[in-house]
Each structure stands twice: as structure tokens, then as C-alpha cells.
2 protein chains.
Amino acid sequence: MSSETKKPGRGRPKTLDKAHVTDVAMHAYWEEGPTEVSMNEICARAGVSKPSVYREFGNDDGLAYAALESYAASVLGKILAIIADDDIFPNKISKIAYLSAEEEVHENGCLFVKMRAAKAKMGPKTKALIDQIESMAIDAFTGLLTQGRATGEWNNSISVELGARYLHAQIGLALDQRARGQDPKALLDLALSVLSPPKA
Amino acid sequence: MSSETKKPGRGRPKTLDKAHVTDVAMHAYWEEGPTEVSMNEICARAGVSKPSVYREFGNDDGLAYAALESYAASVLGKILAIIADDDIFPNKISKIAYLSAEEEVHENGCLFVKMRAAKAKMGPKTKALIDQIESMAIDAFTGLLTQGRATGEWNNSISVELGARYLHAQIGLALDQRARGQDPKALLDLALSVLSPPKA
DNA sequence: ACATTTTTATACTAACTGGTATTTTAAAAT
DNA sequence: ATTTTAAAATACCAGTTAGTATAAAAATGT
């Protein structure tokens with residue numbers, strides 16, 4: 001909606017590519033851990049000066065916020081797309097499980113899960129965004145299960161609210177395990193089996 | 001086995017209480033996170049000088065190692081005691097779940113889980129101890145499930161190896177949730193329900 | 001040409017980190 | 001009493017962190 005482009009005014013033209021810096025930061029935090037990479041390091045890797053980064057992002061909190069925001073847009077977008085997809089309920093669950101447990105994009109885990117784990121060290125803006133993404137994810141899973149219940153595809157004794165929290169927790173666990181170099185597939189399948197309706 | 005007491009020789013008598021320092025470090029790491037408390041801070045809180053701590057523990061790795069070792073001895077001991085207990089299989093599972101999900105001793109989570117999450121920032125000795133405790137835990141759960149299978153109390157299609165890893169992962173998840181201020185009880189119950197034998 | 005505006009690059013700060021060299025102190029052995 | 005041993009306290013070190021003051025550069029407006 002809002003454009004980043006500001007009609008090029010008087011001063012020296014800007015060479016700093018904000019999206020590029022955000023991307024460098026996002027990948028650094030994602031692959032190496034959000035507390036493992038300093039501002040100095042990000043600036044060096046992005047090939048930009050430190051004052052430029054501070055002008056654009058304010059402080060480390062602002063940069064972490066931008067990185068997480070950018071991450072969430074793409075990853076949460078994929079989950080929402082699966083939910084909105086026209087497919088049967090169990091396939092949607094499988095697709096979400098596959099996305100987190102097997103897709104190579106999550107080979108090193110999930111930036112959100114890592115930032116949540118390091119929440120104590122994050123700044124206030126980033127903390128708030130973590131909470132916001134958390135509830136958006138829960139909402140997404142709640143929507144999925146509400147769908148399933150409405151269509152009768154998900155009929156068991158588990159409440160939608162508990163199911164959504166469970167799904168969220170198990171996917172987070174799988175992503176955490178991937179970050180530790182484990183293969184979470186079998187464990188996640190087992191965990192999600194409790195959401196399956198009885199064989200009836 | 002080995003005694004820490006060394007016949008008091010010639011020099012100035014030692015006033016530093018190694019067990020006390022270890023305890024201060026353990027609780028600091030446990031409650032605030034192993035990367036949140038510096039050596040300076042530990043020394044100040046324990047009321048001892050920095051060189052004394054470095055003489056006793058070598059470096060930060062040594063102190064973290066001692067803290068985790070002390071923690072594991074007490075907590076893993078409890079789990080092993082439950083397993084060795086004379087009780088029926090499902091009760092043992094319940095007791096272990098209760099220990100991690102409800103006992104107030106784990107109100108702030110589990111030092112092992114937190115150190116494992118911060119493994120990248122730990123020194124080599126502590127890293128090795130984390131791995132060692134991890135496999136000891138898996139072994140303990142494997143033993144429990146092997147028991148259950150042998151007595152026929154745990155008869156389902158899940159392999160002992162997968163079940164042990166699952167139990168370990170779910171308990172770790174519950175402890176992680178507690179560290180984040182959540183109540184994991186309902187989620188853990190749901191997760192562990194897949195280990196229950198069919199109603200038959 | 002020259003002033004103005006904005007961004008860039010360099011160099012710096014203050015606080016904190018893990019770790020240590022040095023001096024002081026307290027005991028035992030002679 | 002004096003020497004010896006070991007521990008303790010103080011003060012220090014080099015490196016890193018987030019963040020910034022200052023100056024140089026590159027554009028536009030007049």
C-alpha cells in the first residue's frame with residue numbers, strides 16, 4: 001500500500017537498498033540465529049555503512065523487526081494459502097506438515113521459532129511482533145480446524161481451540177528440531193495422528 | 001566417589017565454596033537463561049572474586065558444565081527414580097508428565113532444554129555434556145517403554161525407539177512452553193495420548 | 001558559481017565481555 | 001620470627017557491542 005519511494009529531492013541520492021539489507025539480516029538471523037550476528041556484521045555483509053543502517057532502521061530492534069516482518073510475510077503467506085486452498089481437510093494438514101518438516105526452505109528451522117526462543121534478548125518492537133505473529137498463526141490454525149469441523153471432515157472430541165494450539169506447538173517443535181539438525185518427520189506424523197478422526 | 005576435600009596444606013585457607021558458586025550459577029542460568037548472565041554477574045551474586053572462580057572452574061565453559069551437571073544429577077535422578085519405581089506403566093508416564101508440566105520446580109522451564117537451545121553459544125565441554133544428557137534421557141525413556149512392552153502394558157504398533165524419541169520431544173516441548181509462561185498440561189496430555197494402547 | 005540538502009564514510013565513544021597480572025593477606029612449616 | 005605456600009582482592013587488558021559525532025561527497029535549487 002504505502003510506497004517506499006520518495007520523490008528524489010535535493011540531497012545526495014540514496015544508494016542504500018533497504019530491502020537488500022533486510023534480506024541480508026533476515027538470512028543471517030535465520031541461518032545463524034538472531035543473537036549470533038551483530039549489527040557490525042550485518043552492515044559488513046550487506047556492504048553498507050553503519051550510520052546508514054541506523055538511519056533506516058533506527059536501531060537493532062528495528063532491523064530485527066524488519067527481518068521478522070519480511071520472513072513472516074512469505075512463510076505465513078504460504079500457510080494461509082494452503083488453508084485457503086481448495087482441498088480436503090487431511091490434505092491441508094499434510095501439506096502444512098510437509099512445509100515445516102520436509103521443505104528445504106526450512107532446512108535450518110524457522111526464523112520465527114528462533115526469535116521466539118530468543119525473545120528475552122529482542123527489543124520491544126520485535127517482541128510485540130513475535131506475539132502478533134504467534135496469534136496470527138493460532139488464528140490461522142483455528143480457521144483451518146473450524147473449516148474441518150464445519151464440513152464434518154474433522155469430527156472428534158478435541159476442541160477447535162485446543163487443536164489449534166496443538167497444531168501450532170507441534171509444528172513449532174518440528175521446526176525447532178530441524179534447526180538442531182534432526183529429522184522431525186516421524187515424530188510430527190505421530191503427533192498429528194491424534195488430530196485424525198477415529199477410523200470409525 | 002572422588003572427594004573434593006584436599007587436606008588443608010600450607011597456604012591461606014580457601015573460603016570459596018565451590019558448591020555455592022555452582023548453585024548460584026545454576027539458578028541464574030536456569031531462571032534467566034544461560035546466555036543472559038555474565039561471569040562478572042555470577043561472581044558478584046555469589047560474592048566471590050573473579051580470579052577465584054576462574055581458578056576453580058577454568059573458564060565460563062567449566063562453570064556452565066558444573067551448573068548443568070549439578071542440575072542433571074537432581075532432575076534426571078527424579079525421572080530415573082520414577083522409572084525404577086514399582087508402579088503400573090501408565091502411572092509412570094503420568095508421573096513423568098506431571099513432573100515436567102506441573103511441578104513448580106519446573107515453573108521456569110528446564111535448564112537442560114534452555115542450554116540445548118543455546119548450544120551454539122556454549123563451550124565444548126558443555127556442548128558435550130548436553131549431548132550426553134540427551135542420550136541418557138533417551139536411554140531412560142527407551143528403558144521405560146521396553147519395560148512396558150515386556151510386561152504387555154504398552155502394546156501398540158509404535159516402536160520403542162520412536163516412542164522414546166517422541167516422549168523426549170514432547171516433554172522438552174512442555175518444558176519449553178513453561179519457560180515461555182504457558183501451561184502445557186492439556187497439550188502434553190493430548191500429545192501423550194498417542195502412546196496409550198488402544199481401548200481394546 | 002554557489003548555497004542547500006541529504007546521504008555516505010570514517011572515526012569515535014562508553015559499556016561490557018571473558019580472562020589475567022599483580023599485589024596483598026592468611027595460614028603452615030621451619 | 002621468618003620463610004614458604006596458596007588464596008584473595010584489585011586493577012587491569014584486549015576485543016566486541018550498540019550507537020553516534022563529524023566530516024566528506026553528491027546531488028538539486030537559485
Side-chain angles (χ1 to χ4, degrees), chain A residues 4-22 24-25 28-29 32-68 115 118 120-127, chain B residues 4-22 24-25 28-29 32-68 115 118 120-127:
Chain A
E4 292 297 331
T5 59
K6 204 175 294 179
K7 65 178 78 172
R10 280 242 246 171
R12 176 172 175 171
K14 180 179 302 188
T15 62
L16 180 142
D17 182 348
K18 192 171 180 178
H20 173 63
V21 176
T22 303
V24 166
Y29 294 150
E32 295 159 49
T35 66
E36 303 298 308
V37 197
S38 70
M39 293 293 280
N40 291 339
E41 186 63 26
I42 303 268
C43 295
R45 291 189 196 179
V48 298
S49 76
K50 211 157 35 148
S52 300
V53 170
Y54 278 87
R55 177 170 35 75
E56 290 295 324
F57 297 93
N59 52 21
D60 55 349
D61 190 18
L63 181 60
Y65 180 94
L68 180 55
M115 281 213 177
K121 284 206 167 163
M122 297 292 124
K125 281 175 57 181
T126 306
K127 270 184 183 155
Chain B
E4 292 295 331
T5 60
K6 204 175 292 177
K7 65 179 79 175
R10 280 241 246 174
R12 175 171 175 172
K14 180 180 303 188
T15 61
L16 180 142
D17 183 347
K18 190 170 180 178
H20 172 63
V21 176
T22 304
V24 166
Y29 293 150
E32 295 159 48
T35 67
E36 303 298 307
V37 197
S38 70
M39 292 294 278
N40 289 337
E41 187 62 27
I42 302 269
C43 295
R45 290 189 195 180
V48 297
S49 76
K50 211 159 33 148
S52 300
V53 169
Y54 277 87
R55 177 168 34 76
E56 290 296 323
F57 296 93
N59 51 21
D60 55 349
D61 190 17
L63 181 60
Y65 180 95
L68 180 55
M115 282 213 177
K121 283 206 168 163
M122 298 291 124
K125 282 174 57 180
T126 306
K127 270 184 183 153

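Worth knowing before you read on, the calculation uses all heavy atoms, side chains too, and leaves out hydrogens, waters and symmetry mates.
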Can you check whether [Y]'s main-chain N or O pairs, donor with acceptor, with [X]'s side chain at less than 3.5 Å?
| X | Y | answer |
| --- | --- | --- |
| Asp61(A) | Thr126(A) | yes |
| Lys18(B) | Val53(B) | no |
| Thr22(A) | Ala66(A) | no |

Interface residues of residues 50-66 of chain B with DNA chain D (non-hydrogen, below 4.0 angstrom):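 The stretch gives Pro51(B), Ser52(B), Arg55(B) as the residues lying under 4.0 Å from the strand, ordered by number.
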Exercise. Step by step, work out the side chain to side chain contact (heavy atoms under 4.5 Å, CB included) result for Met39(B) and Asn59(B).
Key: CA-CA 9 Å; Met39(B) 292 294 278; Asn59(B) 51 21; over 6 Å; no
Q.
Expected output is a numbered-order residue list: members of residues 35-46 of chain A with a heavy atom under 4.0 Å from any atom of DNA chain C. What is it?
A.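 Residues of residues 35-46 of chain A that come under 4.0 Å of DNA chain C do not exist, since none gets that close.
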Testing the basics here: between [X] and [Y], what is the closest heavy-atom pair and its distance to 0.1 Å?
| X | Y | answer |
| --- | --- | --- |
| Met122(A) | Pro34(A) | CE-CB, 3.8 Å |
| Tyr29(B) | Leu63(B) | OH-CD2, 3.7 Å |
| Ala28(A) | Val37(A) | O-CG2, 3.8 Å |

TODO: Using atom CZ of Arg10(B) as one end and atom P of dT30(C) as the other, report the distance to the nearest whole Å.
DONE: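 Checked: the CZ to P distance equals 6 Å.
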Is there a side-chain contact between Ser49(A) and the phosphate of dT10(C), meaning an N or O under 4.0 Å from OP1 or OP2?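 Ser49(A) to dT10(C) OP1/OP2: no side-chain N or O under 4.0 Å.
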Worksheet entry | Check: dT25(C) base within 3.5 Å donor-acceptor of Arg12(B) side chain |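 Indeed there is one.
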Practice problem: Check side chain to side chain contact (heavy atoms under 4.5 Å, CB included) between Ser52(B) and all other residues, then give those that pass, not counting sequence neighbours. | Solution: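 Here the qualifying residues are Leu16(B), Ser49(B), Arg55(B).
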Requested in this report: Sequence neighbours left out, what passes side chain to side chain donor-acceptor pair (under 3.5 Å) with Asp60(B)? Give chain and number order.
Outcome: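 So Asp60(B) forms no side chain to side chain donor-acceptor pair (under 3.5 Å) with any residue.
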>> So if I take the C1' atoms of five pairs at each end of the helix from dT8(C)-dA23(D) to dT30(C)-dA1(D) and get each local axis, what angle do the two axes make, rounded to 10 degrees?
In response: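 The angle separating the two end axes equals 30°.
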- Query: Any side-chain hydrogen bond (donor to acceptor under 3.5 Å, both in side chains) pairs touching residues 38-47 of chain B, not counting sequence neighbours?
  - Reply: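 Residue pairs passing side-chain hydrogen bond (donor to acceptor under 3.5 Å, both in side chains), neighbours aside: Glu32(B)-Arg45(B), Asn40(B)-Lys50(B), Glu41(B)-Arg45(B).
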